Amino acid sequence: MESTLATQPSFLEEKQGAPVTPPEEKHTPFKQDVESTAPSDSFDVLHNERDLITHVISVIDDPSLNPWTIRSFLIGLSLSTFGGILAQIYYFKPQTVSVSVMFLAVISYAIGTLMETVIPRTGWFRYLNPGPFHKKENAFIVIMASAAAHSAMGTQVLAVQRLFYNITPNGVISILLLFSSQLLGYGIGGLMRPILLYPSKMLYPDVLPLVSMVDTFYDEAKSRQSKSNRKRLRLFYVTFLAILTWEIFPEWVFPLLTGVSVFCLANPTSPDFTRIFGGSNGNEGLGLLALSFDWQYISPVWNPFTIPLRAQVSNLIGYILCVVVFVSIYYNNTWGSKKFPFLSQELFYENGTVYNQLLILNDKLEVDPALLAQQGLPFYSGTWVSFLLTSNLGMAATFTHLLLWNRDDLRAAWSWMNKDSVKQMWAEFDWRFWRADGKREVPSNADIDPHYREMLKYPDAPNSWYGVMVVSAFIAAMVLIYKAESTLPWWGFIISCLLATLCILFFTSLYAMTGISFFIQPFIQMTGGFLHPGKPMANMYFALFSYNSVNQAALLLRDLKIAQYTKLPPRAAFTAQIMGTVLGSILNYVMMNSIIDHQREILLSVEGTNIWSGQQAQLYNSQAIAWGGLSEELFAPGKRYQWVAWAYPLGSLVPIPFWIVHRYYPKLRADYLYTPLIILCMGMLAAGINSSATMFFVIAWFSQWFMRTRHPKWFAKYNYILGAAFDGGTQVMVFILSFAVLGAAGKSHLFPVWWGANQNGNYDRCAVIPP
């Protein structure tokens, strides 16, 4: 794919079409959009977002399909209950298992088609089986269930309060805190729909495999595309079953396949080889040139079939620089790196042992200077400092990059802030928001996104609904921060909301156009630490209403994009999101209390058990203490890690030279680089399993460069459905194995030790580095 960020016409020009039809008539898409769904002998390379979304995703809509069925509500609420309970259980597990959107789509399709096949359509049964299970029902269910299948960040805060501070807000306060913290970001993100959702350039590449799969399941144009669709379905099912079977081997039987390192096989005793070439186990090494055959790690967050080529170029540059920087920092002993593990996110004493943050807090849960003097300031591993530094550089660069290359788009976000617009909004304001009809006019602009044009026939969930959501959540949260003993003052809460709004505009823009999201929690927590020094509890609540709001806004807009691509009416999508979020929050709270009541001592222990662990709550509390209590001591000018804070002003300067070069020397194509992504990826190997990077880039370049430019017809028909099959099959098998043998349901049953399953060391046979 070409540019998704720059605004040059060569990248973002869109095709012209015929005049649009009135909204009350059944709409036929523009000629080129219709032709884009039919096979042809000649097929051009897909150059821009408009080409992609009209050739890969069906533009045709059938308004007769009704998502408001008892069947869709029944399946949606059932999967929401399943996802909400499971997500919270796994917050307290030693092994994390997430319920992915692709998993939910596959399961809901299976349940829906089973109900369609088994349940009669006569008598009362017709309400459970009103007809064929269709695309809009499936999208409705997926959006509802995915909104519920997350552990609400508010439950993390409440869990930390109960476990470490003996503070237990009452049930009403806790539930309202969860609602307000979850819905605040929804409201802010919903108000930015015209900027972050409707335009074609806001592609949300990570949802394309899902939508391509759903289109293949429910092909509207069967009379015209039945043969082509049968091939797509056959490819999906064969690949799905093949990867489903294959994942048994790298996940259980043959874990060496997670990362095959020729270097470690040749020299299995060298700690230096482990640091550089190892990567099959968590925080083992950089995994340089290792080959991974486990799709779970090749596509943990970003599916290589979906990330645009332009973003991949920046990713690759950042990855190479990351290896160079990490190796240089460690072997030059920068920040005393050799005293600590090569890769780690922990805080350490100077002798390399893990730092006990609780020993520096007084009875008011604030950092005590005398206790801090006794324990000494903590240290980070050098690579983690580099990660924090590059994260801050990248975040600052994002603001400048978007202001330089996308200033017209960003200006539109504030276009309402003029005298005439405010007067018009006031004149049209009706406090009876529930009476809004949601009718929208179809613009005469032929360049409007074709999927969005199809959505205009349906009543919208108007801005007044999202505005009421923001106001209600804001007022409730303002009261709750005092009732919940958060130690966060009112002005700190307001700043957190303003910071969230700014970050939603910039970082969700970048995510929508590239499919890559920034991890901005350190930035948020450091900001909160400087605003509220020595108050870890305030830091947690500051992050709750800022960082969590950014995440919620991105989730809402991603789901609304799924609705736009599948033509699910906006009010159905709104209903599904709110129901899933509310139900999920309640279930999260109930499960959190139940687990803490029965497993409190285990959750407070360092080791935990193979069934329960408080590691995530402990880590969240430690981060709050480190950022909220020690920001000024560690990151202020003149302190040990001052360059982490100096990264903000320095990062804002990084995109400027590239912009100047492109302005005066456009043939050099400096516009092709995403400077924020390059910097972000300079810290991408700081944690986790790193053996998959080589295969990720090989597959990504094969898909987005070779197949897209050399075989564009194949790319349009099969690329995204193939990515969906890989993700779907992998996630189903990982879910099964997690419960069957990997300890999700209790005791784990690892495969017996053999050469390909080195259960007592690193799976890639690299040397084990002693702590």
Side-chain angles (χ1 to χ4, degrees), residues 76 80 84 140 143-144 146-148 150 152-155 172-198 413 416-417 425-426 428-438 440 455 458-481 490 493-494 496-505 508 541 544-564 568-586 588-589:
S80 296
F140 181 87
I143 290 174
M144 183 187 294
S146 68
H150 297 90
M153 190 172 178
T155 60
V172 174
I173 290 175
S174 299
I175 291 293
L176 291 177
L177 178 68
L178 294 178
F179 288 170
S180 61
S181 60
Q182 293 291 87
L183 297 179
L184 182 63
Y186 271 11
I188 298 172
L191 293 173
M192 294 187 183
R193 299 189 320 286
I195 309 302
L196 302 178
L197 176 67
Y198 299 150
W416 59 273
M417 295 180 64
M425 286 190 295
W426 181 255
E428 296 174 353
F429 177 75
D430 185 356
W431 63 271
R432 295 165 295 186
F433 60 90
W434 58 87
R435 298 178 59 178
D437 57 22
R440 297 173 287 180
M455 296 290 284
Y458 300 110
D460 191 21
N463 282 340
S464 58
W465 291 12
Y466 291 101
V468 169
M469 193 185 303
V470 171
V471 173
S472 301
F474 182 89
I475 293 174
M478 183 67 81
V479 175
L480 292 169
I481 59 175
W490 63 269
F493 168 67
I494 293 175
S496 73
C497 294
L498 295 175
L499 183 61
T501 302
L502 189 65
C503 289
I504 288 169
L505 176 61
T508 305
Y541 275 85
L544 175 64
F545 291 109
S546 47
Y547 170 66
N548 185 61
S549 294
V550 178
N551 280 350
Q552 288 297 107
L555 290 174
L556 173 126
L557 291 163
R558 181 205 66 183
D559 288 349
L560 289 180
K561 199 67 176 184
I562 294 173
Q564 184 168 300
L568 179 69
R571 294 192 171 188
F574 180 89
T575 301
Q577 286 174 313
I578 299 303
M579 289 183 65
T581 301
V582 169
L583 177 60
S585 297
I586 294 172
N588 287 169
Y589 176 71

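What you see is a predicted model, and the numbers here were worked out from it, not measured in a lab.
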Would the distance check show the side chain of Q552 and the main-chain N or O of Q182 forming a donor-acceptor pair, the cut-off being under 3.5 Å? yes
Could you tell me whether a side-chain N or O of N588 sits under 3.5 Å from a main-chain N or O of A152, the two making a donor and an acceptor? yes
Please find the pair of heavy atoms, one from [X] and one from [Y], that lie closest to each other, and give the distance.
X    : Y    : answer
F545 : L184 : O-CD2, 4.0 Å
Y466 : A461 : CE1-O, 3.5 Å
P570 : D460 : CB-OD1, 3.5 Å
A500 : S549 : CB-CB, 3.9 Å
S80  : G76  : OG-O, 2.7 Å
L556 : G190 : CD2-N, 3.7 Å

Side chain to side chain contact (heavy atoms under 4.5 Å, CB included) with C503: of L498, T508, V550, only one passes, and it is V550
Partner set under side-chain contact (heavy atoms from CB on, under 4.5 Å) for S174, not counting sequence neighbours: L158, P169, Y589
Within this structure, what is the [atom1]-[atom2] distance for the pair [X] and [Y], rounded to the nearest 0.5 Å?
X    : Y    : atom1 : atom2 : answer
L499 : I504 : CG    : CD1   : 10.0 Å
I578 : W465 : CD1   : CH2   : 10.0 Å
M153 : L177 : CE    : CG    : 11.0 Å
N548 : L178 : CG    : CG    : 9.5 Å
R193 : L196 : CZ    : CG    : 11.0 Å
I562 : D559 : CD1   : CG    : 5.0 Å

For residues F474 and F493, establish whether the separation of their ring centroids is below 6.0 Å. yes
For the residue pair [X] and [Y], establish whether any side-chain heavy-atom pair is separated by less than 4.5 Å.
X    : Y    : value
L555 : Q577 : no
N551 : H150 : no
F179 : I586 : yes

Contacts of S585 that satisfy side-chain hydrogen bond (donor to acceptor under 3.5 Å, both in side chains) - sequence neighbours left out: none
Can you confirm whether the side chains of R571 and Y458 place a donor and an acceptor under 3.5 Å from each other? no
Kindly determine whether M144 and T575 satisfy side chain to side chain contact (heavy atoms under 4.5 Å, CB included), including the steps that lead there. CA-CA 8 Å; M144 183 187 294; T575 301; 6.0 Å; no
